[in-house]
2 protein chains.
Amino acid sequence: MARKQGSHSDITGPKVRQAASKLIARHGYAAVSMRQIAAEVGVQAGALYNYTPDKQGLLLDLIGSHMDDLAQALAQVDLTGPPLTALEAFIRFHIRFNVPRAEAVFLSYMELRNLEPENFAQIEARRRDYEQRLGAILEAGMAAGDFIASDPRVTTMAIIGMLTAIPQWYREGGRLPLSEIEDIYWGLVRRSVVAA
Amino acid sequence: MARKQGSHSDITGPKVRQAASKLIARHGYAAVSMRQIAAEVGVQAGALYNYTPDKQGLLLDLIGSHMDDLAQALAQVDLTGPPLTALEAFIRFHIRFNVPRAEAVFLSYMELRNLEPENFAQIEARRRDYEQRLGAILEAGMAAGDFIASDPRVTTMAIIGMLTAIPQWYREGGRLPLSEIEDIYWGLVRRSVVAA
DNA sequence: GTCTATAGCGGGATAGAC
DNA sequence: GTCTATCCCGCTATAGAC
């Protein structure tokens, strides 16, 4: 409440992140200049440094925020049920979360290599934690005999790969609604891992 | 035979492409300078222009050569059998072709956006042709009742996504041999699409 | 075919006025 | 908080000697 209404920093800050996300997702981190980002926001390049210590900090902020959002959203999902229920919940969550965030997903994956080593390690650890949530479901289901006994780690990577590719081809307003895509993918996964 | 043995252009040319592929795969097209590529080869930057008209031409050469290799290798595969046989052949071919070429696969996908529009369109068309080979198998199998009737286009993208992610985590000399990875993936695909 | 040297440009980041 | 101006650097690509 003490904060002034209309303060520029409340408006410009988000605009900087949004402009950077859009341009970096489209052209790549190294190919986008601070001047281009500033032009997209409608300020001069020097003004960006009120919102980020440097270009690398901006990238880390974008990817880190995306990982925050992912972790927080997953925390709302109940994965404590039986393996089959948990698996379906995870699959549907992943699709519903990622597809509307195609830009951030794409950026967070493609620009990992442009993070400085310590930043990279931190993000990578969080990504592995996320994947391991799926891995644990598969392990539990295989141990219980609900799922076909196969290699849970390879199966995890196969499912994550399949799901993560969706935002690359799915277009809103396309041939099929997202709910149907979700059903199709769940069908593919269910048949491939659930014991008959 | 008229060509002199030991001519530098026969040796330096491939070295330039190899160095560029390695560096661009690791750091990204925009982040890698012609000077870095030259240093990796062991020449000065100006010498590179004996082998490429410009930096963009080098990128197009790398991605285009990869697509050439892919098309030529696929042409050796017999996909004329019944859908189930053709599907297995395609799956195993894709894994066997892509995994040992992780660097080129990664680069060819990640750097598409750095191709100039006409170059991009040409590569993209060839990629779609490749994916359609799988699509046709799925359509035939669904029409014949061998495969579970589902959406062939979405299923194509799901399978391609699953397979294409393999080089991102598979490491030679890792826990499992490639032949076993191949078997696991074929099992996943078979169960998900083949009618019981 | 490779070198050295350089033209010409655009990059990230900072200083100081307002 | 934003601006203008600028420092210093590295980039692509070319010219001309060898």
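Computed from heavy atoms alone, side chains included, the values below leave out hydrogens, waters and symmetry copies. Here is the naming used below: chain letters follow the sequence lines, and residue numbers restart at 1 for every chain.
In this entry the distance linking CG of A:Leu58 with C1' of C:dG11 reads 16 Å, nearest Å. One interatomic measurement links the two molecules: CD of A:Gln44 to P of C:dA15, which rounds to 18 Å at whole-angstrom precision. What separates CE of A:Met34 from P of D:dC3 is a distance of 14 Å, to the nearest Å. Whole-Å rounding puts the A:Leu48 CG to C:dG12 C1' distance at 11 Å. Separating the CZ atom of A:Arg35 from the P atom of C:dC9 is a distance of 14 Å, rounded to the nearest angstrom. D:dT2 atom P lies 9 Å from atom NZ of A:Lys15, rounded to whole Å. One atom, CD1 of A:Ile11, and another, P of D:dG1, lie 12 Å apart when rounded to the nearest Å. Protein atom NZ of B:Lys55 is 9 Å distant from nucleotide atom P of D:dC11, rounded to whole Å.
Between B:Glu124 and B:Arg127 there is a salt bridge, since a side-chain N of the basic residue sits under 4.0 Å from a carboxylate O of the acidic one.
In this structure, A:Tyr109 has its ring center no closer than 6.0 Å to that of A:His66.
When the nucleotides C:dT2, D:dT4, C:dG12 are ranked by their closest atom to the side chain of B:Ala47, C:dT2 comes out on top. Of all nucleotides listed (D:dT4, C:dG11, D:dT2), C:dG11 comes nearest to the side chain of A:Ser33. Distance from the side chain of B:Tyr51 is smallest to C:dG1 among C:dG1, D:dG1, C:dA13. Listed nucleotides: D:dT2, D:dC11, D:dT6. Nearest to the side chain of A:Thr12: D:dT2.
Looking at heavy atoms from C-beta onward, A:Gln168 lies out of side-chain contact with A:Val105 at the 4.5 angstrom threshold. Under the 4.5 Å side-chain criterion, counting only non-hydrogen atoms from C-beta, A:Gln56 is in contact with A:Tyr29.
When heavy atoms are screened at a 4.0 angstrom cut-off, B:Val32 is found touching the sugar-phosphate backbone but no base atom.
Both A:Gln36 and A:Gly46 lie close to DNA chain C; mapped to their nearest nucleotides by heavy-atom distance, the more 5′-ward contact belongs to A:Gln36.
Taking CG from B:Asp151 and CE from B:Met157, the interatomic distance works out to 11.5 Å, rounded to the nearest 0.5 Å.
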